[in-house]
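In what follows, a structure is listed as structure tokens, so that the remarks can point back to it.
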Amino acid sequence: MSETRRKLTTIFCADVQDYTRLMGTDEEGTLASLKRCREAMGRLIESRGGRVINTWGDGLIADFPSVVEAVRAAVDTQNELAGFNARRPADGRMLFRIGINLGDVIVEGDDIYGDGVNIAARLQASAAAGGIVISSSVYDQVRNKVAVGFEFLGPLMVKNVDEGVPSYAVKIGDAKDETPPAQRSGSARPQPQSQPQPAAIMAADMAEARPAPRGRRLFGVLGVIAAVLIVINLLSWQGVFWARFPVLALAVVAALAWNRDQTLFNRKITSLAILALGIAGINLFTWTGQFWAVWPILGIAAAMGVRWSMRR
């Protein structure tokens, strides 16, 4: 039986942006390019004292005894692959995203398990194509030791970790002008805390963590609809401001959409708070001298308290 132990290590996660699209366009050419890029990445990792732990599909996980060397290996990798991609058509470039985390992991044989690996995978999934994202634990070790810039991205939500993990984008080459996608994990299905994930199956987590394209469009649309309803109400005024109810509903929808992507607060608790505010708004808009919303709000507050007390 293999020995199980723990160690503090630097976890390096990488995968290919739009790999499915590339495979659908040119399967054999994509596999050949992936093999070439992986060989280059493995060589650079080993040259910096790292060890490739596992590969699957388009992904790769490695670990390093040195945080500084892990970041240098990531920068070397992205610089070398940038040269490789410069000779390829824009729609056929193989752009890797890299995430690096320093954490305590479980070691069993040649594999590693635990939240340290999970966090590295989430960091990778939040990186821009051709970019690198690191955790604050990595940043604290390398900020004055590696000749690159850093951009604070805010907290990153991770499975089984209630508080966001502060993260930084490493600014190298063209990647410093790209803004990484918003960091999300609201769509991820929770997993039992007692079941740590091996590096070999992190591909599924990465697939869940890949952010869907969102922006300000939804809020703009909701704002335009609300404005149109108010104008219609005013132009057809008969003494009743009926637009207040659909506008309130639109405000709740906008708040829930914001909550889906925000990383500052616990999403479930924030959803309950939005629901409570919506009920309070209905009570105020239908005011008859009685604040009946106090009872459902009290129930929601109790649910929020239970949720907060059960945080890990």
Side-chain angles (χ1 to χ4, degrees), residues 122 125-128 151-159 161-167 169 178-190 207-311:
R122 295 292 177 179
S126 70
E151 178 185 357
F152 182 58
L153 301 178
L156 170 68
M157 300 308 295
V158 180
K159 279 184 181 180
V161 179
D162 282 333
E163 302 299 328
V165 177
S167 58
E178 297 185 27
T179 301
Q183 300 160 1
R184 312 175 181 95
S185 63
S187 63
R189 295 183 295 275
E208 285 181 357
R210 289 176 184 172
R214 298 187 182 104
R216 300 178 182 176
R217 183 175 301 176
L218 174 62
F219 300 102
V221 170
L222 293 176
V224 169
I225 294 174
V228 169
L229 289 172
I230 292 173
V231 170
I232 292 175
N233 193 168
L234 294 176
L235 292 178
S236 59
W237 183 258
Q238 295 182 349
V240 178
F241 184 47
W242 52 261
R244 64 189 185 277
F245 293 109
V247 169
L248 176 62
L250 292 172
V252 171
V253 170
L256 291 174
W258 165 81
N259 185 50
R260 179 183 56 188
D261 295 339
Q262 62 90 14
T263 60
L264 297 177
F265 311 103
N266 182 287
R267 290 192 178 93
K268 291 186 178 180
I269 293 177
T270 308
S271 295
L272 292 173
I274 293 170
L275 177 60
L277 290 174
I279 293 173
I282 294 174
N283 193 169
L284 293 175
F285 286 162
T286 59
W287 185 257
T288 58
Q290 183 179 4
F291 187 48
W292 53 261
V294 65
W295 301 112
I297 291 176
L298 180 61
I300 292 172
M304 292 171 63
V306 170
R307 174 67 186 173
W308 180 264
S309 65
M310 293 178 65
R311 293 186 312 153

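Both backbone and side-chain heavy atoms feed into the values below; hydrogens, waters and symmetry mates do not. These numbers come from a predicted model, not from an experiment.
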query = Counting heavy atoms not belonging to W237, are there more than 12 under 6.0 Å from its CH2?
reply =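 Correct, the count exceeds 12.
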Nearest atoms (heavy-atom pairs only) where [X] meets [Y]:
X    : Y    : result
A255 : I274 : O-CD1, 3.5 Å
L229 : P246 : CD1-CB, 3.7 Å
I279 : P296 : CG2-CG, 3.9 Å
P155 : G164 : CB-CA, 3.7 Å
A293 : A280 : CB-CA, 4.2 Å
G278 : V252 : CA-CG2, 4.2 Å

query = Sub-3.5 Å donor-acceptor pair from the side chain of N283 to the main-chain atoms of Q290, do we have one?
reply =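 Side chain of N283 to backbone of Q290: a pair is present.
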ask   = Would you find a donor on one side and an acceptor on the other, under 3.5 Å apart, between the side chain of S167 and the backbone of F152?
value =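 Checking the backbone N and O of F152 against the side chain of S167, no donor-acceptor pair under 3.5 Å is found.
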request  = Starting at CG of L248, measure out to CG of L284 and round the result to the nearest 0.5 Å.
outcome  =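 Separation between the atoms: 9.5 Å.
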ask   = Atom CD1 in I300, atom CG in L277: separation rounded to 0.5 Å?
value =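 Nearest 0.5 Å value for the CD1-CG distance: 9.0 Å.
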ask   = So do the side chains of T286 and W292 get within less than 4.5 Å of each other, counting heavy atoms only?
value =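 With C-beta onward as the side chain, the pair touches.
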inquiry  = Contact between I297 and F291 at the side-chain level, heavy atoms closer than 4.5 Å - yes or no?
reply    =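 A side-chain contact under 4.5 Å exists here.
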ask   = In chain order, what residues pass the side-chain contact (heavy atoms from CB on, under 4.5 Å) check against V240, with sequence neighbours excluded?
value =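 With neighbours one apart ignored, the set is W242, R244.
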ask   = Does V253 have any side-chain contact (heavy atoms from CB on, under 4.5 Å) partners at least two apart in sequence or in another chain, and if so, which?
value =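 Checked V253 against side-chain contact (heavy atoms from CB on, under 4.5 Å); matches are L222.
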